[in-house]
Amino acid sequence: MKNTLFLIIFMVSAALSFSQEPNSNLKEEYDKIEQARAFFIQTLKEKQYQNLASCITPDYKTVNPGTISWQAMAKVAEERGGIPYDSVAMYPMETVIVSDSIAYDFGNRKTYYTDNQGKSVELEDTFLAILKKGEDGNWRLHREVASGLLNKN
């Protein structure tokens, strides 16, 4: 009888704990990730490239899609000696905080740039980004891998 009562109390407690609101500290961390993403998007839109260093870790690494259209943008960037982005729109589908210092962001993105003929070009990709929280409490992009195939799920 004692074991049955203990099991019932445990199951009810577990069920109640899963139905409660998320931890407010965790919500604050998700908000910080949203703010970091918004700052990154705004930095590109305003062409404030000097601010990009504050969006990434010092040892940041990325792999862009290897499609022909992404290679064309890379060539434009090389010819111009810099970043060709006009803007970026990000559509995260999943953001998970794995620990107090690591999180990941998974979703789709649209990247816009102007080619050498003055034509606006839209590129789409699916990205998986690993974020790292700095000692200052800010989340930064640490690693990113993107695919030219768009995730429709």
Side-chain angles (χ1 to χ4, degrees), residues 14-153:
L16 288 175
S17 69
F18 286 121
S19 66
Q20 292 176 351
E21 288 294 310
N23 180 320
S24 63
N25 289 339
L26 197 55
K27 183 180 178 337
E28 287 175 24
E29 294 304 320
Y30 281 109
D31 289 346
K32 286 181 183 180
I33 290 171
E34 289 290 328
Q35 291 167 2
R37 187 183 307 113
F39 180 75
F40 173 75
I41 291 168
Q42 192 68 25
T43 295
L44 289 176
K45 183 178 180 181
E46 294 177 355
K47 299 186 185 319
Q48 299 292 319
Y49 303 131
Q50 70 276 8
N51 294 334
L52 284 176
S54 66
C55 298
I56 60 175
T57 61
D59 56 344
Y60 161 76
K61 293 185 182 2
T62 186
V63 176
N64 286 319
T67 62
I68 292 171
S69 56
W70 278 88
Q71 289 174 6
M73 185 181 75
K75 184 176 179 185
V76 168
E78 184 180 314
E79 290 170 358
R80 293 182 188 165
I83 301 168
Y85 296 108
D86 292 331
S87 65
V88 172
M90 298 177 80
Y91 307 97
M93 292 183 273
E94 181 178 53
T95 303
V96 176
I97 297 174
V98 179
S99 71
D100 61 346
S101 63
I102 299 290
Y104 71 83
D105 216 9
F106 174 75
N108 292 327
R109 170 179 47 206
K110 291 183 180 184
T111 301
Y112 301 90
Y113 78 99
T114 303
D115 69 12
N116 289 336
Q117 288 74 42
K119 178 184 168 198
S120 182
V121 179
E122 176 187 275
L123 302 175
E124 292 182 297
D125 68 90
T126 297
F127 67 89
L128 175 62
I130 297 174
L131 309 170
K132 197 171 187 181
K133 187 176 178 182
E135 290 179 12
D136 61 1
N138 293 323
W139 291 93
R140 291 180 177 81
L141 186 57
H142 182 59
R143 301 286 187 266
E144 180 183 22
V145 176
S147 169
L149 299 175
L150 201 59
N151 183 349
K152 303 283 184 177
N153 296 329

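FYI, side chains are in, hydrogens and waters are out, and symmetry mates aren't considered; it's all heavy atoms of this structure.
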Determine whether Gln35 and Trp139 satisfy the following criterion, side-chain contact (heavy atoms from CB on, under 4.5 Å), listing intermediate values before the conclusion. CA-CA 9 Å; Gln35 291 167 2; Trp139 291 93; over 6 Å; no
Assess whether side-chain contact (heavy atoms from CB on, under 4.5 Å) is satisfied between Tyr113 and Thr111, documenting all intermediate values. CA-CA 7 Å; Tyr113 78 99; Thr111 301; 5.5 Å; no
Passes side-chain contact (heavy atoms from CB on, under 4.5 Å), Asn108 versus Met93? Steps please. CA-CA 8 Å; Asn108 292 327; Met93 292 183 273; 3.8 Å; yes
Given side-chain contact (heavy atoms from CB on, under 4.5 Å), test Asp59 with Arg143 step by step and report yes or no. CA-CA 9 Å; Asp59 56 344; Arg143 301 286 187 266; 4.1 Å; yes
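Counting heavy atoms from C-beta outward, Arg37 and Thr95 have side chains that approach closer than 4.5 Å. In this structure, the side chains of Met73 and Leu123 come closer than 4.5 Å at one or more pairs of heavy atoms. Residues Leu131 and Leu141 have side chains in contact (heavy-atom distance under 4.5 Å, counting atoms from C-beta outward). Under the 4.5 Å side-chain criterion, counting only non-hydrogen atoms from C-beta, Leu150 is in contact with Lys152. In this structure, Lys132 and Ile102 have side chains that are in contact, with non-hydrogen atoms separated by less than 4.5 Å. Between Asn51 and Glu46 there is no side-chain heavy-atom pair separated by less than 4.5 Å. Contact annotation: the side chain of Arg80 approaches that of Asn116 to within less than 4.5 Å [non-hydrogen atoms, C-beta and beyond].
Taking CD1 from Ile130 and CZ from Phe106, the interatomic distance works out to 13.0 Å, rounded to the nearest 0.5 Å. Interatomic distance, OH of Tyr104 versus CZ of Phe127, reported as 12.0 Å (0.5 Å rounding). Here Lys61 contributes atom NZ and His142 contributes atom NE2; the two are 8.0 Å apart, rounded to the nearest 0.5 Å. The line from OG1 of Thr67 to CD of Glu124 is 11.0 Å long, rounded to the nearest 0.5 Å. Leu26 CG to Asp31 CG: the interatomic distance, rounded to the nearest 0.5 Å, is 10.0 Å.
Note on Asp125 versus Lys110: no salt bridge recorded, every NZ/NE/NH1/NH2 to OD/OE distance being 4.0 Å or above. Of the charged side-chain nitrogens involved, at least one lies within less than 4.0 Å of a carboxylate oxygen, so that Asp136 and Arg140 count as a salt-bridged pair.
Although no hydrogens or angles enter the test, the distance criterion places no donor-acceptor pair under 3.5 Å between the side chain of Thr43 and the main chain of Leu52. Using a distance-only test at 3.5 Å, with no hydrogens or angles considered, a donor-acceptor pair links the side chain of Lys47 to the main chain of Tyr85. Between the side chain of Thr126 and the backbone N or O of Asn151 there is at least one donor-acceptor pair closer than 3.5 Å. Under the 3.5 Å distance criterion, the side-chain polar atoms of Asp105 are left unmatched by any main-chain donor or acceptor of Ala129.
Shortest non-hydrogen contact noted between Lys133 and Asp100 is CD-O, 3.3 Å. For Ile97 against Tyr30, the heavy-atom pair with the smallest separation is N-OH, 3.4 Å. Pairing each heavy atom of Phe40 with each of Cys55, the nearest pair is CA-SG, 4.0 Å. Here the closest heavy-atom approach between residue Pro84 and residue Ala77 is recorded as CD-CB, 3.5 Å. The shortest heavy-atom contact between Arg109 and Ala146 is NH2-CB, 3.6 Å.
The neighbour count for Lys75 NZ, taken as heavy atoms of other residues, nucleotides or ligands under 6.0 Å away, does not exceed 12. At most 12 heavy atoms of other shown residues, nucleotides or ligands fall within 6.0 angstrom of atom CD in Glu78.
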